[in-house]
Amino acid sequence: MLFAGKNDDAAEIAALGQIPGVEIFQSRAFDRAGHGLVSALAFGIDRPAVAEFRAHQIDIVFESARFFGWRLPFPAIAWFPDFQHRLLPNLFSRQAYWRRDLGFRAQIASGRHIMLSSVSALGDLTRFYPGVTNGVSVVRFATEPPSDSLTTDAFDIVARYGLPQRFLYLPNQFWRHKNHQLVIDALGLLKQRGVDAVVAASGSTHDPREPEYFHNAMRDVAARGLGTNFRHLGMIPLDHVYALLRTSVALINPSQCEGWSTTVEEAKSFGSPMILSNIPVHREQTEEAARYFAANDAEALANHMSEVLEQAGPVVVRDLQARVGERVRAFAIHFIDTIQLAILSQAAAVSTGR
């Protein structure tokens, strides 16, 4: 059951509601601007939220960027997607930094079972919050694109966006830590070498922390004469994303920080070549089966881009890899194990009076 606020994005909620077996319930108790967090911190319980949990007879609470209090009368899993505020503190205001950090600390102090998406994140947890005694599970999510999203003619999508047969794909939100500027710099280097590379980028352009970032980057693209090389497609349908992944020469992910990259996971599903920033989670996620570059090294990225374009064979539409279902099943099993561990932990705490 998905509990959402009245002010949450209607399109996003509708999309989640289409997943078989998912029930949606909206209430002001789950609005971000509500007083639940204050109550959770001051009194140890978010009473309006707990009332809704009881009314809907839930068994366990999955906390994602939300804290319902240390006196929450249900087993709970706290998902820490990444530790970006500790790894890249310059991207956070002082208020945002401490709001995120104190939220993590409150969940740790409450004895929540913690779910992480990578062994890399587990290392960050023990480094930034030493002495954690909570139960911790590493659950690497996997994706299996629905079959109806793969029926779109991929070559038709490439043509619709005016892309050449050989292009590189960058499907990341336009936030500073996603590091689009490095790709623009690499394209500038390639242009100086006479290499006419094209990068198609898609995704949201809104970064609430830095609203002008996208516009400043695109002004730089225009000023350097890279308008035909760096093509921003905007927000595009998911079947278009898959079409571009299946036909691109390679996926690029230059991100400075990731929890467990959705774009990388999707590229793995199709066996797409990948050019990735050399952060630990990327190496873990791809098991060293990609090209890597330092997240501040435009020349290394340019070299990889040039090489994959030169070595690319005939343009094909890639199919789903045979191991996709196996990876998804492993993810489901690990997630169910995490739920059971959290329930057992809560039962043990109750029996010992903690």
Check your understanding: Looking at Q107 and A78, what are the two nearest heavy atoms and their distance?
Key ->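 Smallest interatomic distance, heavy atoms only, reads NE2-CB, 3.5 Å.
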Review point. Looking only at heavy atoms, what is the nearest atom pair of S248 and R318, with distance?
Key: O-NH2, 2.5 Å
Would [X] and [Y] pass as an ion pair if we require N to O under 4.0 Å?
{"X": "D239", "Y": "R246", "value": "no"}
{"X": "D46", "Y": "R66", "value": "yes"}
{"X": "D185", "Y": "R224", "value": "yes"}

Distance-only, no hydrogens or angles: does the [X] side chain make a donor-acceptor pair with backbone N or O of [Y] under 3.5 Å?
{"X": "S269", "Y": "V324", "value": "no"}
{"X": "T338", "Y": "H334", "value": "yes"}
{"X": "S255", "Y": "C257", "value": "yes"}
{"X": "H85", "Y": "Y97", "value": "no"}
{"X": "R231", "Y": "G162", "value": "yes"}
{"X": "H56", "Y": "I58", "value": "no"}
{"X": "N134", "Y": "I108", "value": "yes"}
{"X": "D9", "Y": "A11", "value": "yes"}
{"X": "Q321", "Y": "K268", "value": "no"}
{"X": "N179", "Y": "A295", "value": "yes"}

Point to revise | Test side-chain contact (heavy atoms from CB on, under 4.5 Å) applied to V158 and F167, step by step | key: CA-CA 9 Å; V158 172; F167 67 94; 3.9 Å; yes
Scan side-chain atoms only and decide if [X] and [Y] contain a donor-acceptor pair under the 3.5 Å cut-off.
{"X": "Y292", "Y": "H304", "value": "no"}
{"X": "Y169", "Y": "S202", "value": "yes"}
{"X": "H113", "Y": "S137", "value": "yes"}
{"X": "S204", "Y": "W175", "value": "no"}
{"X": "S261", "Y": "N253", "value": "yes"}

Minimum side-chain heavy-atom gap [X]-[Y] below 4.5 Å:
{"X": "R140", "Y": "E284", "result": "yes"}
{"X": "Q346", "Y": "I343", "result": "no"}
{"X": "I252", "Y": "V199", "result": "yes"}
{"X": "F3", "Y": "Q26", "result": "no"}
{"X": "R209", "Y": "R176", "result": "no"}
{"X": "E210", "Y": "F214", "result": "no"}
{"X": "E265", "Y": "W260", "result": "yes"}
{"X": "S27", "Y": "K6", "result": "no"}

Exercise for review: Anything under 30° is parallel, anything over 60° is perpendicular, the rest tilted; go ahead and classify F83 against Y129.
Suggested key: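 Ring orientation, 0 to 90° scale: tilted.
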Would you indicate whether [X], at its atom [atom1], is surrounded by more than 12 heavy atoms from other residues, nucleotides or ligands within a distance under 6.0 Å?
{"X": "F43", "atom1": "CZ", "value": "no"}
{"X": "Q311", "atom1": "CD", "value": "yes"}
{"X": "E288", "atom1": "CD", "value": "yes"}
{"X": "E307", "atom1": "CD", "value": "yes"}
{"X": "R127", "atom1": "CZ", "value": "yes"}

Under 4.5 Å between side-chain heavy atoms, hopping through other hydrophobics if needed: is there a path connecting [X] to [Y]?
{"X": "F141", "Y": "I339", "value": "yes"}
{"X": "V61", "Y": "M1", "value": "yes"}
{"X": "F270", "Y": "M274", "value": "yes"}
{"X": "I45", "Y": "I77", "value": "no"}
{"X": "L233", "Y": "L168", "value": "no"}

If I take atom [atom1] from residue [X] and atom [atom2] from residue [Y], how far apart are they, to the nearest 0.5 angstrom?
{"X": "T247", "Y": "R166", "atom1": "OG1", "atom2": "CZ", "result": "12.0 Å"}
{"X": "I279", "Y": "S120", "atom1": "CD1", "atom2": "OG", "result": "7.5 Å"}
{"X": "E266", "Y": "L238", "atom1": "CD", "atom2": "CG", "result": "6.5 Å"}
{"X": "F293", "Y": "L301", "atom1": "CZ", "atom2": "CG", "result": "4.5 Å"}
{"X": "R28", "Y": "E52", "atom1": "CZ", "atom2": "CD", "result": "12.5 Å"}
{"X": "F230", "Y": "L226", "atom1": "CZ", "atom2": "CG", "result": "9.5 Å"}

Practice item. Evaluate side-chain contact (heavy atoms from CB on, under 4.5 Å) for L163 paired with L244, printing each intermediate quantity in order. Key: CA-CA 10 Å; L163 297 171; L244 297 180; 3.9 Å; yes
Review point. For M235, which fellow cluster members are found when Ile, Leu, Val, Met, Phe, Trp and Tyr are connected by side-chain heavy-atom distances below 4.5 angstrom, either directly or through intermediates?
Key: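 Result for M235 is none, singleton.
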Check your understanding: Are F104 and F128 near enough that their ring centres are under 6.0 Å apart?
Key -> no
Review point. So, H180 versus Y213, ring centres under 6.0 angstrom or not?
Key: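 Between Y213 and H180, which both carry aromatic rings, the centre distance is not below 6.0 Å.
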**Study point:** Sequence-distant partners of R323, salt bridge (charged side-chain N to carboxylate O under 4.0 Å, His left out), two or more places apart
**Key:** E326
Practice item. Step by step, work out the side-chain hydrogen bond (donor to acceptor under 3.5 Å, both in side chains) result for Q256 and N296. Key: CA-CA 9 Å; Q256 297 171 327; N296 61 354; over 6 Å; no
Practice item. In sequence, state the C-alpha distance, the side-chain angles, and the governing distance for H240 and T152, and then conclude on side-chain hydrogen bond (donor to acceptor under 3.5 Å, both in side chains). Key: CA-CA 8 Å; H240 292 197; T152 304; 5.7 Å; no
**Study point:** Residues in side chain to side chain contact (heavy atoms under 4.5 Å, CB included) contact with S110, at least two apart in sequence or another chain
**Key:** F67, W70, R112
Practice item. Could you check E258 against K178 for salt bridge (Lys or Arg N to Asp or Glu O under 4.0 Å), going step by step and ending with a plain yes or no? Key: CA-CA 9 Å; E258 292 282 349; K178 295 295 187 180; 2.8 Å; yes
Point to revise | Candidate pair L190 and M305, rule side-chain contact (heavy atoms from CB on, under 4.5 Å), full reasoning | key: CA-CA 9 Å; L190 290 175; M305 292 165 65; 3.9 Å; yes
Review point. Does NZ or CZ of R86 come closer than 6.0 Å to the centre of the six-membered ring of F92, within 45° of the ring's axis?
Key: no
Check your understanding: Under the side-chain contact (heavy atoms from CB on, under 4.5 Å) criterion, do E63 and F68 qualify, and how do the steps go?
Key -> CA-CA 8 Å; E63 289 183 332; F68 295 107; 3.4 Å; yes
